[in-house]
Amino acid sequence: LDKERICPINMERRISGIYEDIKGELSAEGSAVFTDTIGLLGKINEGAGAENRNGSLKESDRYEADRALHDIYRYMHGKLIRLNWNDEMIAPHERYTANVSALERALRSMEEGSAEDAAEALCEVDFNYYAKYFSRETYRFYEEQGTKRVKPSWGAGLVDNGNEDMFDVIRALMDGVCGEAEKTAVAQAVERQKQYLKEAVAAEIDAVKEIGKMSGSLAERL
């Protein structure tokens, strides 16, 4: 890669993946933000490829274009990459989509009287797989490792909105208790996660709009 005049960075792939995942939730304006930006990133890929093959830019222009591309990448990385509680890199909305799905499955199982299935579904939410096997104290200790005692290393701050704590509900379900208190707690968690999802999608649209602005300027130079 060091031999390339402009380092090839395919950001089009990540933003296209986010778009495919959420386009059913987007307005026409939101869809246009994504498609316009994806188009510009495609032009940048083509321009960078042509420059690496032909080397037609002056050295100062090549340097500025390469730096601008890295600036776009850094911005994208900061805005469109997060971690889930398994330290997997995901788009910001993905964690909440998964949580809503698991919580709604749990709620359906609770309505059907299947406490065991509900507990299994809740274990898929954020950090709650620990709830089935460890004490409240151990659960809280490791939860706070990712929220209150985050080490100053890569990944710090990439888990947004803490952990959706379902420990008490899971333990109640494991004991066969599936009452109104447990159902209410899960229903409230569904609404919280839906709100987080709405906020994450709105932030993604804003980030992609800014990436579009940055990309338009670079596309004109390549």
Ignoring hydrogens and geometry, is there a side-chain-to-backbone donor-acceptor pair from [X] to [Y] under 3.5 Å?
X	Y	answer
Thr37	Val33	yes
Thr35	Ala32	yes
Glu94	Ala91	yes
Glu204	His93	yes

Do [X] and [Y] have side-chain heavy atoms sitting under 4.5 Å apart?
X	Y	answer
Thr184	Gln188	yes
Ser16	Phe34	no
Met110	Leu173	yes

Q: Take Met76 and Arg14 through the test side-chain contact (heavy atoms from CB on, under 4.5 Å) and record every step on the way to the result.
A: CA-CA 9 Å; Met76 184 202 73; Arg14 173 161 289 276; 3.9 Å; yes
What side-chain donor-acceptor pairs closer than 3.5 Å can you find for residues 208-215, not counting sequence neighbours?
| residue | atom | partner | partner atom | Å |
| --- | --- | --- | --- | --- |
| Ser215 | OG | Ile211 | O | 2.7 |

(Q) Could you report the tightest heavy-atom contact between Asn128 and Glu164, atom names first, then the distance? (A) ND2-O, 2.6 Å
In plain terms, say whether [X] and [Y] are close enough for a salt bridge, that is, a side-chain N and a carboxylate O under 4.0 Å apart.
X	Y	result
Asp71	Arg74	yes
Lys43	Glu46	no
Arg95	Asp126	yes
Asp117	Arg108	no

Q: Please name all residues satisfying side-chain contact (heavy atoms from CB on, under 4.5 Å) with Ser217, sequence neighbours left out, ordered by chain then number.
A: Arg221
Q | Stepwise ring-ring contact (aromatic ring centres under 6.0 Å, His included) check, Tyr139 with Phe127 | A | CA-CA 8 Å; Tyr139 175 95; Phe127 193 63; 5.7 Å; yes
Q. How long is the gap from CZ on Arg62 to CD on Glu64, to the nearest 0.5 Å?
A. 10.0 Å
Q: Not counting sequence neighbours, which residues clear side-chain hydrogen bond (donor to acceptor under 3.5 Å, both in side chains) with Thr138? List them please.
A: Ser135
